[in-house]
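Given the structure is predicted, the values throughout are model-derived calculations rather than measurements.
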Amino acid sequence: MVSTSPPLADALASGPVVLDGGLSNELEAAGHDLSDALWSARLLAEEPEAVVRAHQAYYEAGAQVAITSSYQATFEGFARRGVGREEAAALLARSVELAREAARRAHAGGVAGPLYVAASAGPYGAMLADGSEYRGRYGLSVAELERFHRPRLEALAAAGPDVLALETVPDSDEARALVRAVRGLGVPAYLSYSVAGGRTRAGQPLEAAFGTAADADEIIAVGVNCCAPDDADEAVRLAARVTGKPVVVYPNSGESWDAEARAWRGSPAFGADRVTGWAADGARLIGGCCRVGPESIAELAALLGR
């Protein structure tokens, strides 16, 4: 089902749009075990109805955009499980179809207004499932990274999402590859870095990293996700100044991920009330990432008048 909503870029030009929260957060709350190299992508084949229900919970909480469960879904990752290329492409497409089905159900249940689908494409390190997505610098060239990303992006774009979510990017080299990989696909994209201490996870200055997408017509928003809320504050201002584009921001709860133990550490620091500051600084696509659930998105949506 193709969206009949106005283009997302038009919606962003009109004011803030609410993103969902952490999909894994909602799936785990429903009792699903995601301690797997494919993470939530495993459920695309095994329990697709669970994915629909998780998306629907966020739409009903006030999210206007659902990010698909394809973050860790790659041809290479599926191949390690014995899934062939044709079936893997079908699962990538299914991630978009499940979010569309959730939007249909949400509308049928009384949710008003346009509901969008963002097809998630995580970084190369997400496929490795070894925590390297939080470091970057994989030893691959920009051209090699582009060759990795392009087939998956083609499969996702063919499914008709409203936007491609190039998210949790740790490295400006990978960002350059992604910007090249989305050219000519006919679907807009947003680019979102994972950052720490005012730099990319790979240690590069954010000003230069954001500048990678400044002149790319395919990129309709630039910003950060999967970071501490405190790191998002300055990043939003910088992304707006460097690119002149709408800013996307969806940080974690404030807890930190221990990749070795596969567990979250620390205390939550995400407060929906700080989103008004992000909106004032140029953020137009605003939500939460890991450990941010529907209740927080409902508070965020209410603050933004959505």
Side-chain angles (χ1 to χ4, degrees), residues 1-20 55 58-59 62-68 70-71 95-96 99-100 102-103 106-107 111-121 149-150 153-154 156-169 175-176 178-193 209-225 232 235-250 275 278-289 297 300-301 304-306:
M1 181 176 64
V2 177
S3 175
T4 57
S5 300
L8 181 58
D10 292 351
L12 296 178
S14 300
V17 173
V18 180
L19 270 170
D20 61 6
H55 287 316
Y58 280 113
Y59 281 137
Q64 297 162 276
V65 183
I67 302 173
T68 65
S70 52
Y71 174 80
S95 72
V96 176
R100 288 275 184 236
H107 276 142
V111 173
L115 296 177
Y116 298 95
V117 172
S120 173
H149 284 294
R150 178 75 183 197
L153 291 168
E154 289 174 338
L156 289 170
D162 297 290
V163 67
L164 295 166
L166 314 178
E167 57 174 349
T168 326
V169 180
R176 282 195 290 275
L178 284 161
V179 169
R180 284 164 45 169
V182 298
R183 288 175 184 161
L185 293 181
V187 178
Y190 72 71
L191 175 66
S192 183
Y193 287 96
F210 289 139
T212 297
D215 297 324
D217 292 338
E218 293 85 356
I219 306 298
I220 61 171
V222 179
V224 295
N225 78 291
V236 168
R237 291 188 287 270
L238 187 61
R241 178 174 63 79
V242 170
T243 70
K245 296 177 183 285
V247 176
V248 55
V249 56
Y250 51 116
V275 305
W278 295 335
D281 289 333
R284 291 295 176 267
L285 195 52
I286 307 174
C289 199
I297 295 303
L300 186 157
L304 294 175
R306 299 302 183 195

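At a threshold of 4.0 Å, the pair Arg241-Asp281 does not count as salt-bridged, since none of the basic side-chain nitrogens sits closer than that to a carboxylate oxygen.
Between the side chain of Arg183 and the backbone N or O of Glu218, no donor-acceptor pair lies under 3.5 Å. Panel note: side chain Arg237, backbone Trp278; no donor-acceptor pair is recorded below 3.5 Å. The closest donor-acceptor contact from the side chain of Gln64 to the backbone of Leu115 lies at 3.5 Å or more, if one exists at all. With hydrogens and angles disregarded, a donor-acceptor distance shorter than 3.5 Å links the side chain of Lys245 to the backbone of Ile219. Of the possible polar contacts, none joining the Asp20 side chain to the Tyr58 backbone as a donor-acceptor pair under 3.5 Å is found. Without hydrogens or angle criteria, Tyr190 side chain to Gly223 main chain gives no donor-acceptor distance under 3.5 Å. The main-chain N or O of Ser120 is found under 3.5 Å from a side-chain atom of Thr68 such that the two form a donor-acceptor pair. Put simply, the side chain of Arg306 never gets that close to the backbone of Val17: no donor and acceptor are under 3.5 Å apart. Judged purely by atom type and a 3.5 angstrom limit, His149 has no side-chain atom pairing as donor or acceptor with the backbone of Leu166. The backbone N or O of Ala118 lies less than 3.5 Å from no partner atom in the side chain of Asp162, so there is not a single donor-acceptor pair.
For the residue pair Tyr193 and Ala209, the shortest heavy atom distance occurs at OH-O, 2.6 Å. In terms of heavy atoms, Val96 sits closest to Ala119 at CG2-CB, 4.0 Å. Scanning all heavy atoms of the two residues, the minimum distance from Val249 to Ala232 falls at CG2-CB, 3.7 Å. For the pair Ala189 and Val182, the tightest heavy-atom approach, listed with the atom from each and the gap, is CB-CG1, 4.3 Å. Heavy atoms only, all atoms of each residue included: Ala175 and Val169 are closest at N-CG1, 3.8 Å.
Rounded to the nearest 0.5 angstrom, Thr243 OG1 and Asp215 CG are separated by 10.0 Å. A distance of 7.5 Å separates CG of Leu191 from OG1 of Thr212, quoted to the nearest 0.5 Å. Between the OH atom in Tyr116 and the CG atom in Leu12 there is a gap of 8.0 Å [rounded to 0.5 Å].
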List the steps, then state whether side chain to side chain contact (heavy atoms under 4.5 Å, CB included) holds for Leu156 with Ser95. CA-CA 8 Å; Leu156 289 170; Ser95 72; 3.8 Å; yes
Under the side chain to side chain contact (heavy atoms under 4.5 Å, CB included) criterion, do Leu304 and Val275 qualify, and how do the steps go? CA-CA 8 Å; Leu304 294 175; Val275 305; 4.2 Å; yes
Pair Arg284-Val247, side chain to side chain contact (heavy atoms under 4.5 Å, CB included): steps then yes or no: CA-CA 6 Å; Arg284 291 295 176 267; Val247 176; over 6 Å; no
For Val248 and Val222: C-alpha separation, side-chain torsions, deciding distance, then whether side chain to side chain contact (heavy atoms under 4.5 Å, CB included) applies. CA-CA 6 Å; Val248 55; Val222 179; 5.6 Å; no
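Residues Leu300 and Val18 are in side-chain contact: their nearest non-hydrogen atoms beyond the backbone lie under 4.5 Å apart. At least one side-chain heavy atom of Phe210 sits under 4.5 Å from a side-chain heavy atom of Leu238. Annotation: side chain of Leu164 is in contact with side chain of Leu185 (closest heavy-atom distance under 4.5 Å). Using a 4.5 Å cut-off on side-chain heavy atoms (C-beta onward), Leu153 and Leu178 make contact. Side-chain contact between Val187 and Pro161: present, with at least one pair of heavy atoms (C-beta onward) separated by less than 4.5 Å.
If you check the side chains of Glu167 and Tyr250, you find a donor sitting under 3.5 Å from an acceptor.
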